[in-house]
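Below is one structure, written out as structure tokens; the observations come after it.
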Amino acid sequence: MFCPKCGNEINDIATSCPHCGAEVTNEDKSKPIAKDNLISTTTVNTVVKTKKKHRVLKTVLLLFLAIAVGFGGYKGWGFVAKRFNFQIAGDEATLDVSTVNVAMAELKDLINETIDYVNENTIGGVNTNIQQSAKDVYAFYDKFKKIEGLTDNVHDAADEMYILLTSAYRNYSESHAYIDYYMELGTTLDMTQYEGDGADEYDKYISIYEQAAASMTEAYDKIDTVPLFFEFQYELYGDFLNDYNADVAHMREAYNEVSILDMVAGISCGTHIFQECDKYQQYYMDIITDIVYFYDEQRDDAFDIFYELGDVYKMTDVYEIAAYEFTSTNINTVKYKYEPISTIYPSLYNSYRYFLCLELGNISGEKDICIECSIPGLTKDYKETVHIDGTLGVFAIKPEPLEEGYSLTTAREAQMNVTISEADGTLIDAQTFPVHIASKNDFNWQDDEFGYISKDNILCFLTPNSPSIESFKQKSEKVLSEITDGQMTEIISDENVVFNEYLDAYYCAAASMIALSESGVRYNNSGFSIDGGNQNILLPEDVLNNKSGLCIETSLVIASLFVNAGFSTMIILPPGHAQVAIETKDGSGQYLLIETTMIPNTREDFEEYAGYLANMQKPQGIDTNYPVCYLDTMDWVEYVYGQDCHVINCNDAEIYGITPFDN
């Protein structure tokens with residue numbers, strides 16, 4: 001029967017409730033339990049449509065609260081303490097009745113001992129040492145394995161009960177340890193705790209970033225246990241941390257070389273890394289309650305077996321026990337939840353971390369699960385077999401692209417096909433999700449899913465190794481030879497100085513702009529904005545073939561050429577515009593600004609400025625009336641900060657993972 005006050009199940013002959021102390025009368029014994037006091041569990045396999053925003057710290061704290069309530073406050077394991085009044089009937093005269101009775105008595109004592117321990121060391125309890133408790137609960141399971149003589153059905157039920165119990169403690173222990181370390185890692189992101197030490201403001205600024213990088217690396221290296229659910233997050237953070245350390249080192253190098261553009265580009269790179277990191281951490285904050293619900297289900301399923309074993313122990317006939325069919329066992333249920341991407345930009349194919357995120361787990365026991373995924377007309381077939389051991393995992397799935405036989409010249413609607421099956425081929429689930437495939441020229445400045453603008457994604461249209469850029473480079477080198485009377489014949493960054501480092505680089509830039517003009521390419525001033533969403537952008541080869549391009553498109557042509565030639569190359573993005581900057585000599589920290597929209601032009605347009613640089617002079621201040629001009633350090637400070645420019649180092653494309661998609 002059930003207590004009329006708190007609703008917990010109590011012994012039929014009890015005169016008071018052992019949970020809340022309420023008095024129980026004969027009249028109460030005949031009353032049905034109120035529906036509000038019944039344990040209710042729901043498992044839903046869903047397709048995620050929307051996402052909610054959370055602050056990282058707030059969400060992690062809520063996680064701990066949810067776990068504490070879920071395992072400690074929600075009746076808790078303690079409510080089954082002393083739940084069973086195990087009484088074994090007298091010896092039977094035939095078969096191995098006495099052996100079964102002895103085994104049942106051993107099991108009774110062990111379960112009582114286990115429940116007493118669980119009651120004192122509640123999952124999520126304030127005073128529970130969860131790591132030690134996980135070991136102790138498993139020790140109870142080891143004792144159970146040594147009991148011989150149980151009927152098969154009772155043995156299997158008790159075994160599954162212990163598997164659920166040990167899995168719940170193990171999963172919570174591992175997650176708890178990981179989150180503790182991860183919270184420590186999170187504290188290192190607060191830049192206000194670091195005091196910069198340096199000769200000037202830039203030096204102090206970089207010093208703060210260096211301290212932060214060192215603290216983050218130290219905290220990350222402490223993490224020694226990574227539950228399956230968090231493996232994707234852990235690997236991503238490791239990648240981001242490596243990129244961040246490389247970026248900070250680059251900023252220090254730029255400071256030592258007094259290269260303002262490299263420093264600003266380093267800051268932009270760091271911002272990109274943190275934005276990228278934050279959006280995936282946000283994803284985890286949105287789904288972290290799923291692992292809590294998973295623990296809850298393991299707990300509740302273990303409760304069900306506890307209850308049913310109690311009913312079996314009330315039986316007085318050993319044969320009846322052996323014939324009993326348990327209804328709360330065989331619960332090795334596979335849980336899954338999908339989050340498919342809705343739009344794929346082929347231009348950004350290489351920068352996507354996944355096209356489908358799949359939560360996959362089983363409540364108890366072990367399973368090998370085969371995951372298959374494909375997008376017909378875009379990707380190859382993806383197939384992976386994963387091993388699940390009574391836990392929940394997150395799997396990031398991104399099929400490889402087809403090598404041929406498809407076209408991306410226009411956008412189209414497609415389908416993502418996903419199947420989940422057991423190792424023997426038994427189908428668990430099959431789904432088809434709609435996905436919009438943009439054309440190869442479609443580009444999105446605004447990240448619709450995570451809500452931030454990533455200007456650095458423009459690097460996906462940089463094609464330094466394409467045949468068209470190689471051909472354009474040859475044309476530019478022909479012009480270079482002509483305007484230098486054969487004294488310079490190659491556009492290359494490590495060429496020996498012919499005139500002086502400024503004039504040599506200037507002639508290379510001038511030759512590229514003259515070649516662009518003489519190829520018939522003209523500036524298309526139709527409008528360019530990075531504040532909106534979608535935009536159609538031509539690849540460099542299309543600009544050269546179509547002989548027309550927006551400012552960003554002509555800039556990508558010139559930038560691709562100089563990346564090919566080994567120059568340190570920057571894309572400069574003032575509001576509503578795009579330009580290119582190249583370093584005069586490797587490591588010099590001095591840059592020329594190239595206005596790629598000054599087409600058409602003539603060779604004479606470049607002679608006056610070449611005369612200035614030949615005499616190691618330049619016009620005062622920033623004179624953008626020239627297609628190519630030299631800006632010293634203070635000029636760049638004034639230009640970048642005065643114009644609110646975003647600076648992208650083209651050499652960071654590999655760091656970002658934003659490389660051209662070869663279709």
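Being a predicted model, the structure only gives us computed values, none of them experimental.
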Minimum side-chain heavy-atom gap [X]-[Y] below 4.5 Å:
{"X": "Leu107", "Y": "Leu150", "result": "yes"}
{"X": "Pro401", "Y": "Lys380", "result": "no"}
{"X": "Phe274", "Y": "Tyr244", "result": "yes"}
{"X": "Gln415", "Y": "Ile375", "result": "no"}
{"X": "Val435", "Y": "Pro340", "result": "no"}
{"X": "Leu356", "Y": "Val418", "result": "yes"}
{"X": "Asn362", "Y": "Asp389", "result": "no"}
{"X": "Asn417", "Y": "Ser374", "result": "yes"}

* **Test side-chain contact (heavy atoms from CB on, under 4.5 Å) applied to Val226 and Ile223, step by step** => CA-CA 7 Å; Val226 183; Ile223 301 176; 3.9 Å; yes
Check [X] against [Y] and note the closest heavy-atom contact, atom names and distance.
{"X": "Val318", "Y": "Val100", "result": "CG1-CG1, 3.7 Å"}
{"X": "Gln298", "Y": "Ile363", "result": "NE2-O, 2.8 Å"}
{"X": "Leu392", "Y": "Gly361", "result": "CD1-N, 3.6 Å"}
{"X": "Thr99", "Y": "Gly149", "result": "CG2-CA, 4.0 Å"}
{"X": "Lys383", "Y": "Cys370", "result": "CE-SG, 3.4 Å"}
{"X": "Ile437", "Y": "Pro346", "result": "CG2-CG, 4.0 Å"}

[X] [atom1] to [Y] [atom2] distance, which is reported to the nearest 0.5 Å:
{"X": "Glu372", "Y": "Ile420", "atom1": "CD", "atom2": "CD1", "value": "10.5 Å"}
{"X": "Asp142", "Y": "Tyr138", "atom1": "CG", "atom2": "OH", "value": "5.5 Å"}
{"X": "Lys146", "Y": "Leu110", "atom1": "NZ", "atom2": "CG", "value": "11.0 Å"}
{"X": "Phe303", "Y": "Leu165", "atom1": "CZ", "atom2": "CG", "value": "9.5 Å"}
{"X": "Ile273", "Y": "Asp243", "atom1": "CD1", "atom2": "CG", "value": "5.0 Å"}
{"X": "Lys337", "Y": "Phe294", "atom1": "NZ", "atom2": "CZ", "value": "13.0 Å"}

* Do the two ring centres, one from Tyr338 and one from Phe433, sit under 6.0 Å apart? -> yes
Would a distance-only check, ignoring hydrogens and angles, find a side-chain to backbone donor-acceptor pair under 3.5 Å from [X] to [Y]?
{"X": "Asn121", "Y": "Tyr117", "answer": "yes"}
{"X": "Asn129", "Y": "Gln132", "answer": "yes"}
{"X": "Ser364", "Y": "Glu160", "answer": "no"}
{"X": "Glu359", "Y": "Tyr336", "answer": "no"}
{"X": "Asn245", "Y": "Leu241", "answer": "yes"}
{"X": "Ser215", "Y": "Ala212", "answer": "no"}
{"X": "Arg170", "Y": "Gly390", "answer": "yes"}

* Structure fact -> Those residues at least two apart in sequence (or on a different chain) that pass salt bridge (Lys or Arg N to Asp or Glu O under 4.0 Å) with Lys143 are Glu113
* Test salt bridge (Lys or Arg N to Asp or Glu O under 4.0 Å) applied to Asp221 - qualifying residues, sequence neighbours left out -> none
* Asked: Do Glu422 and Lys367 sit within salt-bridge range, that is, some charged N less than 4.0 Å from a carboxylate O?
  -> yes
* Asked: Does CD in Glu413 sit with more than 12 non-hydrogen atoms of other residues, nucleotides or ligands closer than 6.0 Å?
  -> yes
* Just wondering, are more than 12 heavy atoms of other shown residues or ligands nearer than 6.0 Å to CG in Asp424? -> yes
* **side-chain contact (heavy atoms from CB on, under 4.5 Å) between Cys357 and Ile397, worked out** => CA-CA 6 Å; Cys357 241; Ile397 298 167; over 6 Å; no
How about [X] and [Y]: does a side-chain donor come under 3.5 Å of a side-chain acceptor?
{"X": "Asn171", "Y": "Thr391", "value": "yes"}
{"X": "Glu218", "Y": "Tyr220", "value": "no"}
{"X": "Glu400", "Y": "Thr379", "value": "no"}
{"X": "His155", "Y": "Asp159", "value": "no"}
{"X": "Thr329", "Y": "Asp156", "value": "no"}
{"X": "Ser133", "Y": "Tyr172", "value": "no"}
{"X": "Glu325", "Y": "Asn153", "value": "no"}

* **Derivation and outcome, ring pair (Phe, Tyr, Trp, His ring centres under 6.0 Å), residues Tyr162 and Phe140** => CA-CA 8 Å; Tyr162 273 108; Phe140 285 119; 7.5 Å; no
Show me the donor-acceptor pairs, under 3.5 Å and distance only, between side chains in residues 228-239 and residues at least two apart or in other chains.
residue : atom : partner : partner atom : Å
Gln233  : OE1  : Tyr178  : OH           : 2.8
Gln233  : NE2  : Tyr182  : OH           : 3.4
Gln233  : NE2  : Gln281  : OE1          : 2.9

* Asked: Parallel, tilted or perpendicular: which fits the ring planes of Tyr352 and Phe355, with parallel below 30° and perpendicular above 60°?
  -> perpendicular
* **Stepwise side-chain hydrogen bond (donor to acceptor under 3.5 Å, both in side chains) check, Thr114 with Tyr141** => CA-CA 9 Å; Thr114 302; Tyr141 186 29; over 6 Å; no
* Check against side-chain hydrogen bond (donor to acceptor under 3.5 Å, both in side chains), Glu384 and Tyr382 -> CA-CA 7 Å; Glu384 179 186 10; Tyr382 173 96; 2.3 Å; yes
* Intermediate values then yes/no, side-chain contact (heavy atoms from CB on, under 4.5 Å), Cys373 and Met416 -> CA-CA 7 Å; Cys373 178; Met416 182 188 302; 3.8 Å; yes
* Run the numbers on Ile111 and Phe306 for side-chain contact (heavy atoms from CB on, under 4.5 Å), then give the verdict. => CA-CA 9 Å; Ile111 287 180; Phe306 273 129; 4.0 Å; yes
